[in-house]
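Quick notes on the structure that follows.
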Amino acid sequence: MYLQYPFVRYALIVGVLIALCSSLLGVTLVLKRFSFIGDGLSHVAFGAMSVAAVLQLTNEMMLILPVTVISAVMLLRTGQNARIKGDAAIAMISVGALAFGYLIMNIFSTSSNLTGDVCSTLFGSTSILTLTPGEVWLCAVLSIAVVLIFIIFYNKIFAVTFDEEFAKATGTRAEAYNLLVAVVIAVVIVLAMNLVGSLLISALVIFPALSAMRLFDNFKAVTICSAILSVICAFFGMIVSILGGTPVGSTIVAVDVAVFLICYFSGRVKRGIVR
Amino acid sequence: MAFITVTDLSLGYDEQLVLRDLNFSVSKGDYLCIVGENGSGKTTLMKTILHLKEPISGKIETGDGLKQNEIGYLPQQTIVQKDFPASVKEIVLSGCQGRCGFRPFYSKEEKTLARENMERMGITDLANRCYRDLSGGQQQRVLLARALCATGKVLLLDEPVAGLDPKVTAQMYDLIEGLNKEGITIIMISHDISAAVRYASHILHIGDRVFFGSREEYLKSGIGKSFVEMGKGGENNG
Ligand SMILES: Nc1ncnc2c1ncn2[C@@H]1O[C@H](COP(=O)(O)OP(=O)(O)OP(=O)(O)O)[C@@H](O)[C@H]1O
Ligand SMILES: [Mg+2]
């Protein structure tokens with residue numbers, strides 16, 4: 001049926017890969033109370049994207065990726081500095097980037113359909129279905145890199161997430177791994193922007209982790225479960241959106257929310273039985 | 001040379017000095033108790049020894065074959081979030097992380113070490129339980145097992161019995177004493193002066209007046225006498 005069209009196949013491949021890597025770090029983000037960093041970064045990515053659009057860059061990624069990575073590193077720095085409240089800094093940067101991005105688009109844009117452009121960068125309405133093979137490859141390579149990095153550093157990420165002070169005291173380079181996490185998050189966010197648009201990225205990162213945490217109580221099981229849930233939700237959401245003609249991003253997030261509710265209640269039932 | 005030698009150490013936060021001109025040393029096999037009032041800087045001292053904080057002046061040297069990252073540590077409060085999903089096994093194993101360097105996965109020996117330390121702490125049957133569902137005493141044992149995975153040489157314990165009931169407290173002290181007898185050097189922060197003078201070989205008293213010396217010297221000193229008396233008074237009242 002629809003699978004015979006290459007753009008549908010590309011969309012499914014990319015969507016599943018993005019869902020996979022965005023869910024992996026979700027657990028760490030939720031546990032480190034870093035969820036808002038994801039949110040802030042997605043707004044920065046939006047700002048960068050509007051600049052790229054105005055400059056009419058052929059390869060937007062070349063601008064968006066480095067800008068987002070640099071912001072991630074900066075946000076992490078301020079987050080660790082007790083003097084400046086991390087969340088205030090993030091709120092400032094993210095809202096600023098959002099306003100700035102929209103302003104630039106408004107003033108300089110040559111497009112006739114400005115509202116449509118803004119809407120699709122914010123909610124990712126159709127972009128997933130218009131990917132070129134080149135973009136598919138880039139997404140695939142980056143996602144696989146993210147998954148590999150996560151597997152290789154899994155034990156270190158656990159140690160640093162669980163107890164940063166202890167990890168530091170016993171000779172683990174906690175700062176370095178925090179930095180790594182920040183950079184990987186930035187990459188994931190830029191990737192996920194293609195799928196769900198910048199406003200809905202946090203949902204993609206956080207919901208699978210929250211769902212899995214309702215069901216399991218050890219780190220490995222939670223991580224694996226959140227990856228599986230995320231992939232299933234993304235796949236299912238994309239199919240629904242293609243068949244029903246609904247926006248891709250919001251459909252996927254809606255499925256994520258539904259699954260979270262199911263997990264929430266089955267988690268309560270499960271705990272009820274155990275006790 | 002001693003395991004840890006502290007010379008002319010001053011510590012604090014930014015401009016605010018908490019402790020000044022501290023001198024003491026810890027040798028292999030010692031059981032050092034650090035006592036002092038709330039806010040006297042015990043936790044700060046411990047963090048400085050662990051190099052989590054920079055000292056304001058002075059230095060901390062490790063010697064006698066002890067490397068900086070071979071100091072295991074039991075924090076005063078773990079800032080672990082309530083909803084952190086982690087099994088006991090995962091946490092104890094994470095104590096081996098410092099040994100790994102850039103190696104991504106734990107080796108067989110490290111897994112064995114984690115299992116042995118869980119046995120040592122009597123928490124083998126909790127291995128697959130979730131950390132957040134354990135009692136305070138059980139949680140302390142888990143963290144102690146993790147610290148033992150990080151080192152077999154020196155353990156820093158920041159109020160290991162805080163919040164434990166008398167029975168579990170006694171068990172904890174026995175456990176720590178046992179570790180010391182096995183040759184592990186212990187540095188323990190405690191409010192419990194009677195336990196300090198019972199188990200420790202050396203005492204470091206910090207506060208307005210500073211004392212460092214062996215237990216016998218402490219009991220003879222003015223500061224020690226008054227503090228021990230105070231401890232007894234508190235016990236009788238309580
Ligand atoms: N992060 C911090 N920033 C600034 N000052 C601090 C900080 N942490 C502690 N202090 C101050 O340093 C002093 C020593 O604190 P510390 O936690 O070392 O005391 P403590 O001896 O461990 O007390 P307790 O017995 O209550 O655990 C206190 O006056 C405290 O107010
Ligand atoms: Mg303290």
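In the text below, chain A, chain B and the rest are named by the order of the sequence lines, each starting its count at 1.
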Please step through side chain to side chain contact (heavy atoms under 4.5 Å, CB included) for the pair B/Met172 and B/Leu144, ending with a clear verdict.
CA-CA 10 Å; B/Met172 197 72 188; B/Leu144 204 51; 3.6 Å; yes
Which of the residues A/Asp217, A/Thr170, A/Val222, A/Val27 is involved in the greatest number of heavy-atom pairs with chain B at under 4.5 angstrom?
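Of the options given, most contacts go to A/Asp217.
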Atom pair [atom1]/[atom2] of [X] and [Y] - distance to nearest 0.5 Å:
X        : Y        : atom1 : atom2 : value
B/Thr7   : B/Phe24  : OG1   : CZ    : 10.0 Å
A/Thr223 : A/Met213 : OG1   : CE    : 10.5 Å
A/Phe235 : A/Ile13  : CZ    : CD1   : 10.5 Å
B/Asp174 : B/Gln171 : CG    : CD    : 8.0 Å
A/Arg268 : A/Cys263 : CZ    : SG    : 14.0 Å
A/Asp256 : A/Leu261 : CG    : CG    : 11.0 Å

Which residues, numbered in order, of residues 141-154 of chain A come under 4.5 angstrom of chain B by heavy-atom distance?
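Only A/Ile151, A/Ile152, A/Tyr154 of residues 141-154 of chain A have a heavy atom under 4.5 Å from chain B.
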Any donor-acceptor pair under 3.5 Å from [X] side chain to [Y] backbone:
X        : Y        : result
B/Thr169 : B/Leu164 : yes
A/Ser23  : A/Leu20  : yes
B/Lys28  : B/Val154 : no
B/Thr185 : B/Gly29  : yes

What residues of [range] sit under 4.5 Å from chain A when you count only heavy atoms?
range                      : answer
residues 50-66 of chain B  : B/Leu50, B/Leu52
residues 85-93 of chain B  : B/Pro85, B/Ala86, B/Ser87, B/Glu90, B/Ile91
residues 95-125 of chain B : B/Gly95, B/Gln97, B/Gly98, B/Cys100, B/Gly101, B/Phe102, B/Arg103, B/Pro104, B/Phe105, B/Tyr106

Can you find a heavy atom in the side chain of [X] that is under 4.5 Å from one in the side chain of [Y]?
X        : Y        : result
B/Thr44  : B/Leu19  : no
A/Val205 : A/Ser22  : yes
A/Asp163 : B/Leu143 : no

Which one of B/Lys47, B/Arg129, B/Glu70 has the most heavy-atom pairs closer than 4.5 Å to chain A?
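The residue among B/Lys47, B/Arg129, B/Glu70 with the greatest pair count is B/Lys47.
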Selection from B/Ser94, B/Ala147, B/Ala150, B/Cys130 maximising heavy-atom pairs under 4.5 Å formed with chain A
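Result: the option with the highest number of such pairs is B/Cys130.
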Ring centroids only, cut at 6.0 angstrom: are A/Phe162 and B/Tyr131 within range, meaning strictly under it?
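Yes: the rings meet the under 6.0 Å criterion.
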Heavy-atom distance under 4.5 Å to chain A: side chain of B/Lys67, backbone, both or neither?
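Neither part, no heavy atoms under 4.5 Å.
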Verdict with supporting geometry, A/Leu24 and A/Val184, side chain to side chain contact (heavy atoms under 4.5 Å, CB included):
CA-CA 10 Å; A/Leu24 289 179; A/Val184 172; over 6 Å; no
Can you tell me if B/Phe212 has over 12 outside heavy atoms packed within less than 6.0 Å of its CZ?
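Above 12, so yes.
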Is the number of heavy atoms from other residues, nucleotides or ligands under 6.0 Å of A/Phe265 CZ greater than 12?
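Atom CZ in A/Phe265 is not packed in, count stays at 12 or less.
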